[in-house]
2 protein chains.
Amino acid sequence: MTPPTVKLSTLKTACKNCKLHQLCLPLGLENNDMEELDKIIKRAKPYQKGEYLFQHGDNFDALYAVRSGSVKTYSQDDNGDEQITGFYLAGEIMGLDAVHQGSHPCSAIALETTSICKIPFDHLENLSTQLPSLQHQLLRIMSKEITEDQALLILLGQKSAEERVAAYLVNMSDRMEKRGFSPLEFNLSMSRKDIGNYLGLTIETISRTFSHLQQIGLINPQRKHIEIVDSVELRRLAGLPKIACGMRSTA
Amino acid sequence: MTPPTVKLSTLKTACKNCKLHQLCLPLGLENNDMEELDKIIKRAKPYQKGEYLFQHGDNFDALYAVRSGSVKTYSQDDNGDEQITGFYLAGEIMGLDAVHQGSHPCSAIALETTSICKIPFDHLENLSTQLPSLQHQLLRIMSKEITEDQALLILLGQKSAEERVAAYLVNMSDRMEKRGFSPLEFNLSMSRKDIGNYLGLTIETISRTFSHLQQIGLINPQRKHIEIVDSVELRRLAGLPKIACGMRSTA
DNA sequence: CGTCCCCTTGATGAGGGTCAATGGGCGTGG
DNA sequence: CCACGCCCATTGACCCTCATCAAGGGGACG
């Protein structure tokens with residue numbers, strides 16, 4: 001099932017009333033600090049599927065936190081080759097890579113109807129000097145982004161197609177669970193093509209690998225809907241014996 | 001030529017007298033702010049080739065800035081697969097990925113005799129709340145790390161062996177130039193094996209690609225010593241028409 | 001001078017890319 | 001409500017790049 005549609009009333013919820021605040025920037029903030037953060041956050045109308053949040057080269061002025069829905073980000077080089085660098089779910093923050101250049105090095109597109117909290121970066125920086133716990137959390141989130149990119153590097157540099165797909169599914173499963181959804185049955189908002197690009201594989205390989213994982217009884221894919229049949233074995237295949245270890249997780 | 005050996009006297013140079021400060025953390029700091037930063041930095045004796053700066057799982061308490069020499073960092077997963085995530089030259093900063101977990105997710109090994117500035121992270125965080133320009137620079141450096149990892153993702157996800165190697169050489173060339181060395185003639189401190197691992201290729205493929213690039217008159221590799229014969233064409237092959245664009249650069 | 005390690009080069013094969021055809025939802029319009 | 005068309009996904013056949021296996025060269029260092 002897709003994440004439940006969010007009523008417009010809840011779209012404007014303040015951070016301290018937002019059920020995501022344990023997954024998001026406010027993590028670790030006192031209540032009154034959270035109110036300060038809340039004051040600078042802008043909540044606009046939802047983006048439709050396929051709509052750009054920002055594009056490569058756009059001036060950077062704010063971070064984007066997913067409130068509901070999902071987003072893909074991709075960078076492209078001068079040849080036009082595109083690489084999806086991340087899928088972002090509720091509570092996750094985009095735009096951290098833009099701080100350095102002052103402009104966005106990648107583009108972000110909504111994968112479904114998606115609502116967003118925009119956090120003006122200059123205000124956030126100012127506030128961070130006054131709230132050490134906010135500065136700390138901001139640094140932690142950037143650090144996590146690095147860790148996740150590096151986990152993806154291992155995947156692309158060292159792993160077979162099957163290992164990559166298994167790791168991807170395990171990662172999505174863990175992230176679904178963190179958001180209160182079933183870890184064993186969920187919908188992927190991204191296409192096979194997107195998954196393939198993200199994992200450095202072609203759409204055909206993704207499709208074949210899904211089929212094979214189904215044949216050996218690990219998953220049961222029905223188009224976008226994924227049922228994980230044998231979570232233990234899937235994790236073993238992914239090379240992640242225990243719980244999540246890298247890629248985009250949360251907290 | 002390897003970067004010139006640094007006399008011990010210069011090892012203890014304060015930030016404001018360090019010729020690297022335009023490439024390093026102090027970038028953008030006023031002179032007296034730089035002195036504040038300087039007070040918290042620790043400069044230990046050089047690491048020998050092959051020596052660990054820190055290892056996967058070590059408690060995180062400081063960032064590591066390269067003063068001279070070079071370092072490789074690599075992460076490993078539960079299967080023991082290793083992926084080199086970066087090569088760090090003078091002025092570049094390691095350990096940013098450890099902020100999130102509070103322990104190092106990767107290991108760092110000196111590729112040659114290397115001197116380091118250790119920056120205790122709790123002190124740095126405290127100082128950052130007092131010096132907005134330091135906080136800003138810290139965020140910029142973390143952001144740059146993300147951008148560079150994402151450039152490597154494009155390389156691993158989308159590019160052929162030849163394109164990867166060409167991009168790697170162009171990147172090294174640009175970084176050498178930023179440090180005042182010749183961009184057309186320099187020494188690689190890392191082995192072919194390390195380059196291969198970094199680029200998601202085998203040592204044999206690296207060797208063959210070097211040979212081929214030599215045959216078509218783009219480079220002239222003599223073991224560790226690389227001469228770039230046709231920089232323009234090499235950049236074109238790398239898909240980087242103009243100047244540097246991604247991977248680890250500096251500033 | 002010998003040994004070790006790193007690098008180079010060649011031969012072979014597999015994993016996954018490419019090309020092509022078919023199937024199945026879903027949205028749109030009649 | 002149904003029909004059409006489009007897009008996404010699946011599956012098969014073939015091929016290419018790069019990994020693997022193997023052998024040999026050449027510095028560096030004792």
Side-chain angles (χ1 to χ4, degrees), chain A residues 1-2 48-50 72 81-84 109 111-113 154-169 187-216 219-227 237, chain B residues 1-2 48-50 72 81-84 109 111-113 154-169 187-216 219-227 237:
Chain A
M1 303 300 135
T2 49
Q48 294 305 307
K49 177 175 178 174
K72 68 173 174 184
D81 284 345
E82 294 180 0
Q83 170 72 36
I84 293 177
I109 295 184
L111 291 169
E112 58 194 311
T113 304
I154 292 195
L155 231 50
L156 297 192
Q158 312 293 336
K159 300 296 189 182
S160 70
E162 199 162 276
E163 289 171 319
R164 295 184 205 189
V165 171
Y168 177 76
L169 291 173
N187 266 23
L188 298 175
S189 58
M190 65 293 296
S191 67
R192 298 284 193 271
K193 190 176 163 189
D194 285 341
I195 299 172
N197 180 290
Y198 179 67
L199 296 175
L201 301 168
T202 60
I203 178 175
E204 293 94 332
T205 300
I206 299 298
S207 192
R208 273 187 259 271
T209 307
F210 271 34
S211 298
H212 180 235
L213 291 178
Q214 183 175 28
Q215 278 171 31
I216 62 179
I219 65 174
N220 189 17
Q222 302 293 332
R223 283 193 157 278
K224 304 270 188 195
H225 186 77
I226 303 292
E227 183 190 347
L237 220 174
Chain B
M1 305 300 137
T2 48
Q48 293 308 306
K49 177 175 178 173
K72 68 174 175 184
D81 284 344
E82 293 181 1
Q83 171 72 35
I84 293 178
I109 295 185
L111 291 168
E112 57 194 311
T113 304
I154 293 194
L155 232 50
L156 297 192
Q158 311 295 334
K159 301 296 189 181
S160 70
E162 200 161 275
E163 290 171 319
R164 294 185 206 188
V165 171
Y168 177 75
L169 291 173
N187 266 22
L188 297 175
S189 58
M190 65 294 296
S191 68
R192 299 283 192 274
K193 191 176 162 191
D194 285 340
I195 298 172
N197 180 290
Y198 178 67
L199 296 175
L201 301 168
T202 59
I203 178 175
E204 293 94 332
T205 300
I206 300 299
S207 191
R208 274 187 258 270
T209 306
F210 272 33
S211 298
H212 181 237
L213 292 178
Q214 182 175 29
Q215 278 171 32
I216 62 179
I219 65 173
N220 188 17
Q222 302 292 332
R223 284 190 157 278
K224 303 269 189 196
H225 185 78
I226 303 291
E227 182 190 347
L237 219 175

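Naming: A, B, ... by sequence-line order, numbering from 1 per chain.
When the options B/I206, B/T205, B/L155, B/I219 are evaluated for a side-chain contact (heavy atoms from CB on, under 4.5 Å) with B/V165, the one that passes is B/I206.
Close to C/dT9, at under 4.0 Å from its OP1 or OP2, lies a side-chain N or O of B/S211. Using a 4.0 Å cut-off, some side-chain N or O of A/K224 falls inside it from OP1 or OP2 of D/dA9. A close approach under 4.0 Å does not occur between any side-chain nitrogen or oxygen of A/R223 and OP1 or OP2 of C/dG25.
Ranked by how close their nearest DNA chain C nucleotide is to the 5' end, B/S207 and A/S160 are led by B/S207.
A/L201 is not listed as a side-chain neighbour of A/T209, based on a closest heavy-atom distance of 4.5 Å or more. Between A/R192 and A/F210, the closest side-chain pair of non-hydrogen atoms falls below 4.5 Å.
Nucleic acid contact for A/L201: sugar-phosphate only, since backbone atoms but no base atoms lie under 4.0 Å from a heavy atom of the residue. Using a 4.0 Å heavy-atom distance criterion, B/T202 is classed as a base contact. The residue A/G196 sits apart from the nucleic acid: no heavy atom pair falls under 4.0 Å.
Taking atom CG of residue A/L156 and atom P of nucleotide C/dG16, one finds them 13 Å apart after rounding to whole Å. Atom CG in A/L111 sits roughly 13 Å away from atom P in D/dC8 (whole-Å rounding). In this structure, B/E204 places its CD atom 11 Å from P of C/dT8, rounding to the nearest Å. Per the geometry, CD1 belonging to A/I206 stands 15 Å off C1' belonging to C/dT18, to the nearest Å. Taking atom CG of residue A/N197 and atom C1' of nucleotide D/dC8, one finds them 16 Å apart after rounding to whole Å. Whole-Å rounding puts the A/M190 CE to D/dA9 P distance at 11 Å. Nucleotide D/dA9 holds its P atom 10 Å from the NZ atom of A/K193, rounded to whole Å. Between the CZ atom of A/R192 and the P atom of D/dC8 there is a distance of 12 Å, rounded to whole Å.
With hydrogens and angles ignored, a donor-acceptor pair under 3.5 angstrom links the side chain of B/R208 to the base of D/dT20.
With hydrogens and angles ignored, the 3.5 Å screen pairs a side-chain donor or acceptor of B/R164 with a backbone N or O of B/K159.
For B/K49, the NZ atom is loosely surrounded, since the number of other residues' heavy atoms within 6.0 Å does not exceed 12.
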